[in-house]
There are 2 protein chains.
Amino acid sequence: MALTIGQVADAADVNIQTIRYYERRGLFPTPRRTPAGYRLYADDAVARLRFIKHAQELGFSLREIQELLGLRVRHGAACDAGERKTRQKIEVVQQRIRDLQRMRRTLDRLAAACTARRPTDDCPILEVLEDHDDISH
Amino acid sequence: MALTIGQVADAADVNIQTIRYYERRGLFPTPRRTPAGYRLYADDAVARLRFIKHAQELGFSLREIQELLGLRVRHGAACDAGERKTRQKIEVVQQRIRDLQRMRRTLDRLAAACTARRPTDDCPILEVLEDHDDISH
DNA sequence: CTTGACCATATACCTTGGTATAAGGTCAAT
DNA sequence: ATTGACCTTATACCAAGGTATATGGTCAAG
């Protein structure tokens with residue numbers, strides 16, 4: 001049930017150094033240690049690493065991922081603040097989904113034009129993602 | 001109709017150096033020049049820069065963006081190859097959308113639990129993005 | 001009781017994606 | 001014909017996100 005850093009690294013397919021780096025950065029809680037000083041992890045550490053890797057692929061920075069990981073439900077006033085932050089994150093994610101859907105539609109059109117053998121030598125990919133420039137950020 | 005590098009940079013809100021950097025990297029075609037050697041751009045250069053910036057926010061590397069920008073419809077055999085690449089990109093984008101939707105659902109549940117004042121002190125954000133690990137890449 | 005595979009810390013290095021700076025040419029306006 | 005705001009190339013530097021390496025301790029197996 002308790003994993004060494006090497007076992008966690010293997011399971012999540014990341015470099016050992018990366019885990020220690022995340023610990024230093026504050027993305028990973030400081031784990032308990034054996035008497036000899038070896039780090040010991042529960043297996044949710046593997047899930048945490050996989051979450052981080054996925055979120056990175058989706059364009060989130062380590063700082064943003066840290067915020068995402070910090071979101072959880074609390075009592076009272078802390079709850080309101082947490083809910084506000086969560087709703088902000090939902091907005092960000094929602095916008096990112098819309099952008100990707102737009103890109104997907106353009107790629108669809110591109111593939112369709114191709115099967116129809118209608119050569120379009122200007123760059124149609126550029127049609128995508130052209131508005132909402134001023135609202136995002 | 002012809003823009004200097006500074007005008008393009010202003011319009012797209014990027015650093016001038018970034019445009020020259022993209023040119024070196026091959027993301028930007030080498031522009032025509034004035035007799036004095038000044039770069040001259042058509043205004044689609046601005047669209048191209050905006051596309052690059054958006055795609056970066058969506059988690060694409062410059063190398064991937066270069067491939068996206070290289071996709072276009074051609075005649076004959078080149079068309080088939082282009083179509084295959086386009087369909088691959090669509091798969092990547094589609095998977096990314098699914099991942100984000102999953103993250104969104106988790107954030108939704110988190111926000112809902114909070115309004116209902118049901119404190120959940122384990123980290124619920126981790127529920128997200130947990131399967132399909134072995135199929136992606 | 002030693003060998004090999006682990007673990008620890010500390011420090012140096014690498015890649016990606018830029019940004020800044022130095023040294024100088026161009027050009028429109030005064 | 002000079003000033004200021006542009007442009008050129010070349011080179012150096014920077015931040016983020018790791019990765020490698022040096023030096024040494026731990027531990028189970030033979």
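Proteins get letters first, then strands, A, B, ... in listed order; numbering begins at 1 in each.
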Is B/L27 reachable from B/L58 through a run of hydrophobic residues whose side-chain heavy atoms are each under 4.5 Å from the next? yes
side-chain N/O B/R25 vs C/dG17 OP1/OP2, d < 4.0 Å: yes
Can you pull out the residues from residues 7-20 of chain A that lie within a 4.0 Å heavy-atom distance of DNA chain C?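 Only A/I16, A/R20 qualify.
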Residues from residues 30-40 of chain A sitting under 4.0 Å of DNA chain C, heavy atoms only?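 Those residues are A/R33, A/G37, A/Y38, A/R39.
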In plain terms, say whether A/R87 and A/E83 are close enough for a salt bridge, that is, a side-chain N and a carboxylate O under 4.0 Å apart. yes
Could you give me the CA-CA distance, side-chain angles and deciding distance for B/Q95 and B/R98, then say whether side-chain hydrogen bond (donor to acceptor under 3.5 Å, both in side chains) is met? CA-CA 5 Å; B/Q95 184 57 54; B/R98 277 194 291 266; 2.9 Å; yes
Nucleotide range of DNA chain D contacted by chain A, 5' to 3', under 4.0 Å to a heavy atom?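 Reading along DNA chain D, I get D/dG17 to D/dC27.
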So, using side-chain contact (heavy atoms from CB on, under 4.5 Å) as the criterion, who are the partners of A/K89 when residues are at least two apart? A/E67, A/L68, A/L71, B/L107
In chain order, what residues pass the side-chain contact (heavy atoms from CB on, under 4.5 Å) check against B/E64, with sequence neighbours excluded?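 B/E64 satisfies side-chain contact (heavy atoms from CB on, under 4.5 Å) with B/F60, B/S61, B/R96 only.
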side-chain hydrogen bond (donor to acceptor under 3.5 Å, both in side chains) evaluation trace for A/R104 with B/Q94: CA-CA 7 Å; A/R104 209 201 94 105; B/Q94 194 56 41; 2.7 Å; yes
Rounded to the Å, how far apart are [X] [atom1] and [N] [atom2]?
X     : N      : atom1 : atom2 : answer
B/R63 : C/dG18 : CZ    : P     : 14 Å
B/F28 : C/dG17 : CZ    : P     : 16 Å
B/Q56 : C/dG17 : CD    : C1'   : 7 Å
B/E57 : C/dG17 : CD    : C1'   : 14 Å
A/Y21 : C/dT11 : OH    : C1'   : 15 Å
A/L62 : C/dT16 : CG    : C1'   : 14 Å
B/F60 : C/dT16 : CZ    : P     : 18 Å

List the steps, then state whether side-chain contact (heavy atoms from CB on, under 4.5 Å) holds for B/I52 with B/Q56. CA-CA 6 Å; B/I52 293 171; B/Q56 279 187 304; 4.3 Å; yes
Residue pair A/F51 / B/M103, side-chain heavy-atom distance below 4.5 Å: yes
Taking the six-membered ring of B/F28, is the NZ or CZ of B/R48 close enough (under 6.0 Å from the centre) and on axis enough (within 45°)? yes
If you count every heavy atom of other residues, nucleotides or ligands that lies below 6.0 Å from B/R63 atom CZ, does the total exceed 12?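 Open: at most 12 neighbouring heavy atoms sit under 6.0 Å from CZ of B/R63.
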If you assign each of A/S61 and B/R24 to its closest nucleotide in DNA chain D, which residue comes earlier from the 5' end?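 It is B/R24, whose closest nucleotide lies nearer the 5' terminus.
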Which atom pairs, one a donor and one an acceptor, fall under 3.5 Å between side chains of residues 1-19 of chain B and the rest of the protein, sequence neighbours left out?
residue, atom, partner, partner atom, Å
B/T4, OG1, B/Q7, N, 3.4
B/T4, OG1, B/Q7, OE1, 3.4
B/Q7, OE1, B/T4, N, 2.9
B/N15, OD1, B/Q17, N, 2.8

